[in-house]
Amino acid sequence: MDMGKCTILIVEDEPAIADILKVNLSFEGYEIFCASNVANAESLIKGKLPGLIILDWMLPGVSGITFAKRLRKEKRTSNTPIIMLTAKSFEKDKIEGLNVGCDDYIVKPFSLKELKARIKAVLRRRAPALTDDAVSILGLTIYPQTRKVMGNHQEIFLGLKEFNLLHFFMTHADRVHSRSYLLDQVWGDHIFVTERTVDVHIRRLRKALMSGDFHKLIQTVRGCGYKFISFKSDCHLHNLKSKG
Ligand code: CA
């Protein structure tokens with residue numbers, strides 16, 4: 001996953017609408033892929049997992065709603081945010097769209113301004129690692145836009161992978177992540193590196209965070225993976241602190 005630039009897949013069979021979306025969303029800094037039907041979309045997703053999907057309901061062949069159900073069932077796409085785009089405006093359709101796991105719903109004709117705002121809101125909610133918002137935890141702050149990290153008002157310098165790793169941790173704190181999950185989320189899928197790579201970069205990240213004592217926020221969970229903690233009351237952190 002590229003942390004700096006979110007990829008959006010537009011599945012829309014009307015070329016005029018697809019073009020407007022492509023031009024406007026590219027201008028916003030998103031990387032855009034377009035598909036005019038579900039088969040096309042599936043092969044694009046096989047090549048690269050998008051950060052968000054804008055999905056038209058009425059498509060030739062397989063409908064958008066059927067595709068949304070499929071995406072939710074697949075492990076690889078089960079968490080990919082989906083915004084349904086459709087001319088249907090009946091309440092029961094909206095409910096059906098949300099029931100199959102779509103994150104939001106926009107009725108055509110729509111305003112681009114509204115769509116952009118909704119994309120941001122969905123990403124913030126579903127994939128905070130893809131937004132540019134600064135995140136602060138226990139005195140450590142990460143600024144994705146400027147790729148800067150500050151710990152107790154001192155800048156901390158990190159390599160590219162360590163930065164992405166820390167950003168992922170800080171936007172997904174207090175959960176245990178396996179090495180393979182971290183590889184998927186931080187290195188991107190279809191990347192062939194071993195799980196040892198994760199340990200190497202965790203070691204580098206901890207070393208860089210040591211100056212401000214922030215390395216203690218990254219816990220090794222034996223047999224499972226790693227966890228970034230955001231509560232000072234966490235007993236493990238307490239123990240480490242008292243050991244001095
Ligand atoms: Ca259509």
Side-chain angles (χ1 to χ4, degrees), residues 1-133 171 184-185 188-191:
M1 182 192 316
D2 183 4
M3 293 291 186
K5 208 174 186 187
C6 174
T7 307
I8 297 180
L9 171 62
I10 299 166
V11 190
E12 167 64 75
D13 62 317
E14 286 163 67
I17 296 180
D19 279 354
I20 289 174
L21 290 175
K22 189 179 177 173
V23 168
N24 281 277
L25 296 178
S26 304
F27 190 73
E28 291 290 301
Y30 299 108
E31 192 185 346
I32 306 297
F33 291 96
C34 292
S36 57
N37 57 52
V38 168
N40 205 328
E42 278 175 331
S43 75
L44 285 174
I45 291 172
K46 222 171 259 175
K48 183 175 183 171
L49 186 65
L52 183 139
I53 298 171
I54 296 176
L55 183 56
D56 184 26
W57 183 307
M58 305 287 270
L59 291 166
V62 180
S63 74
I65 201 87
T66 304
F67 186 41
K69 282 182 205 162
R70 245 186 238 176
L71 290 167
R72 282 292 165 264
K73 266 190 211 143
E74 282 284 325
K75 191 175 168 249
R76 188 158 166 263
T77 52
S78 61
N79 281 316
T80 304
I82 301 171
I83 297 179
M84 284 294 286
L85 204 61
T86 172
K88 292 194 171 215
S89 57
F90 299 110
E91 194 64 26
K92 70 172 174 56
D93 295 328
K94 282 187 203 178
I95 290 164
E96 193 186 344
L98 296 171
N99 271 348
V100 302
C102 294
D103 296 86
D104 208 346
Y105 193 103
I106 293 182
V107 175
K108 291 175 189 172
F110 54 88
S111 97
L112 280 165
K113 210 172 149 192
E114 186 187 355
L115 176 64
K116 287 175 198 167
R118 293 210 186 199
I119 288 171
K120 277 199 179 140
V122 165
L123 286 178
R124 197 166 294 135
R125 201 165 67 229
R126 289 289 300 260
L130 290 175
T131 69
D132 277 343
D133 297 348
T171 49
D184 259 13
Q185 298 296 311
D189 61 350
H190 296 330
I191 300 281

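Order of appearance sets the numbers: ligands from 1, and atoms from 1 within every ligand. Nothing fancy with the numbering, it's 1 onward along the sequence.
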Atom name of the N, O or S atom of D13 nearest to the Ca ion (ligand 1) is OD1

Q.
Check this for me: K22, atom NZ, are more than 12 non-hydrogen atoms of other residues, nucleotides or ligands nearer than 6.0 Å?
A. no

Can a donor-acceptor pair be found between the side chains of T66 and S63 at a distance below 3.5 Å? yes

For the Ca ion (ligand 1), the nearest N/O/S atom on D56 is atom OD2

dist E12:CD -> N37:CG (nearest 0.5 Å) comes out at 11.5 Å

Subject >> Under 3.5 Å: donor-acceptor pair, side chain of R72, backbone of F67 >> reply: no

Margin query: At a threshold of 3.0 Å, where the distance has to be below it, does the Ca ion (ligand 1) have an N, O or S atom of M58 nearby?
Written below: yes

